[in-house]
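Inspection log for the structure reproduced underneath, given as structure tokens.
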Amino acid sequence: MQINLRINHENIRAEIDPDMTLQKFLRSQKYFSVKCGCETSNCGACSILLDGKPVLSCSVLAARAEGHEIETLEGLQKEAEEIGGFIADEGADQCGFCNPGYIITAIALFKENPDPSDEEIKIWLSGNLCRCTGYEGQMRGFIKYREWRNGR
Ligand code: FES
Ligand code: FES
């Protein structure tokens, strides 16, 4: 079947299998920031923005994206570098596999709420798992990013 959608503000038309997940489709289109950690909606590594909202692309059929706008980190380089820098500075960038999912979820959070509390950051990022760290480094990074972004 054919699908028409926008990815990172570009019109895309492609052939897909009806049962293909959005995660597999995006990687087939070479959006390699979209990772696969579990395929069972548990790890957050496959997070992308669908019409500006974070979703787990392993849990959405590509066909459901027909007519919608998808954003991946490839289209959000500036924000990704800014947030990623704060995470790395706090030592939370070890194998790095979880980073794209964390960063895209954080981008969505700060777009919706430019000044989230520490608790709100924790709640937003609770669906993103990291096998290497104890999560404290990511939290410090996001808090410092919030302070920097808000000029404090
Ligand atoms: S790969 Fe989608 S949540 Fe883990
Ligand atoms: S840094 Fe390795 S999974 Fe998070």
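In listed order, ligands and their atoms are each counted from 1.
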**OP:** May I have the step-by-step check of side-chain contact (heavy atoms from CB on, under 4.5 Å) for Ser47 and Leu56, ending in yes or no?
**Re:** CA-CA 5 Å; Ser47 301; Leu56 302 173; 3.8 Å; yes
**OP:** Describe, in one word, how the ring planes of Tyr145 and Phe86 are oriented to each other, choosing from parallel (under 30°), tilted (30 to 60°) and perpendicular (over 60°).
**Re:** perpendicular
Original post:
In terms of hydrophobic clusters joined by side-chain contacts under 4.5 Å, are Leu129 and Leu73 together?
Top reply: yes
**OP:** Report yes or no: do Leu61 and Met1 belong to one cluster of Ile/Leu/Val/Met/Phe/Trp/Tyr joined by side chain heavy-atom distances under 4.5 Å?
**Re:** no
SB check [X] [Y] (cutoff 4.0 Å):
{"X": "Arg149", "Y": "Glu82", "answer": "no"}
{"X": "Arg140", "Y": "Asp118", "answer": "no"}
{"X": "Glu71", "Y": "Arg6", "answer": "no"}

Original post:
So which of Ile83, Asn128, Leu76 actually passes side-chain contact (heavy atoms from CB on, under 4.5 Å) with Ile104?
Top reply: Leu76
Original post:
With a cut-off of 2.8 Å, which protein N/O/S atoms are close to atom 4 (Fe) of ligand 2, if we only count those under it?
Top reply: Cys98 SG, Cys130 SG
Original post:
Do Gln29 and Ile12 touch side chain to side chain, with heavy atoms closer than 4.5 Å?
Top reply: yes
Subject >> Under 2.8 Å from atom 2 (Fe) of ligand 1, the protein N, O or S atoms, given as residue and atom >> reply: Cys46 SG, Cys58 SG
